[in-house]
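One is the number of the first residue; the rest follow in order along the sequence.
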Amino acid sequence: QVQFVESGGGLVQPGGSLRLSCAASGSIFSIYFMAWYRQAPGKQRELVASITTPGATNYADSVKGRFTISRDNAKNTMYLQMNSLKPEDTAVYYCYSLPGGSWGQGTQVTVSS
């Protein structure tokens, strides 16, 4: 089982930036897929970005060119650099990994003036 601690969320103005962190512990040696999901009020949870162990990345169309996912294996930490934030990016952001389907507790991101 893998456990996550997410951090880095907060309130930011439109056009601003945030960097989310997801620190992993537990059976991290088995992880081959990690991702950031988000869930806005009244909406389904959606995939934002993913990264595989070899380093392949994938992004939702809505964040391409603005968000960057990365992973520091030495620190057992995944990041999400979010630039040019928009009000529609407001959501709770979660870590996720495979195998096992572990979820973090989430970190709130609010984009508002």
Return the minimal non-hydrogen interatomic distance between [X] and [Y], and the atom names on each side.
X	Y	answer
Gly104	Tyr94	O-CD2, 3.6 Å
Leu47	Ala35	CD1-CB, 3.7 Å
Ala91	Arg38	CB-CB, 3.8 Å

Next on the checklist: Are Trp36 and Tyr93, when compared by the centres of their aromatic rings, separated by less than 6.0 Å?
Outcome noted: no
At what distance, to the nearest 0.5 angstrom, does [atom1] of [X] lie from [atom2] of [Y]?
X	Y	atom1	atom2	answer
Glu88	Lys43	CD	NZ	8.5 Å
Ser97	Met78	OG	CE	8.0 Å
Gln13	Ser113	CD	OG	7.0 Å

Would you say the side chain of [Y] lies within less than 4.5 Å of the side chain of [X], judging by non-hydrogen atoms?
X	Y	value
Phe4	Ser102	yes
Pro99	Tyr32	yes
Thr68	Leu80	no
Ser50	Met34	no
Arg71	Thr77	no

I'd like to know if the side chain of [X] and the backbone of [Y] have a donor-acceptor N/O pair within less than 3.5 Å.
X	Y	result
Thr53	Ile31	yes
Arg19	Gln81	no
Thr107	Gly9	yes
Glu6	Leu20	no
Thr90	Val111	yes
Ser112	Thr110	no
Tyr59	Ile69	yes

Item to check | Side-chain H-bond candidate by donor/acceptor type, Asn83 with Ser17, under 3.5 Å | outcome: yes
Checklist entry - Side chains of Arg45 and Tyr37: do they bring a donor and an acceptor to under 3.5 Å? => result no
Checklist entry - Counting only heavy atoms not in Gln44, do more than 12 sit closer than 6.0 Å to its CD atom? => result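 Atom CD in Gln44 is not crowded, with 12 or fewer foreign heavy atoms closer than 6.0 Å.
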Checklist entry - Any link between Tyr79 and Val48 through a network of hydrophobic side chains (Ile, Leu, Val, Met, Phe, Trp, Tyr) touching at under 4.5 Å? => result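 No, separate clusters.
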Next on the checklist: Assigning hydrophobic clusters by single linkage (Ile, Leu, Val, Met, Phe, Trp, Tyr; side-chain heavy-atom cutoff under 4.5 Å), is Tyr96 placed with Val2?
Outcome noted: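 Looking at the clustering, Val2 is in a separate group from Tyr96.
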Item to check | Cationic N near anionic O, under 4.0 Å, Asp89 to Lys86 | outcome: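 Looking at Lys86 together with Asp89, the answer is no, because their closest N to O distance does not fall below 4.0 Å.
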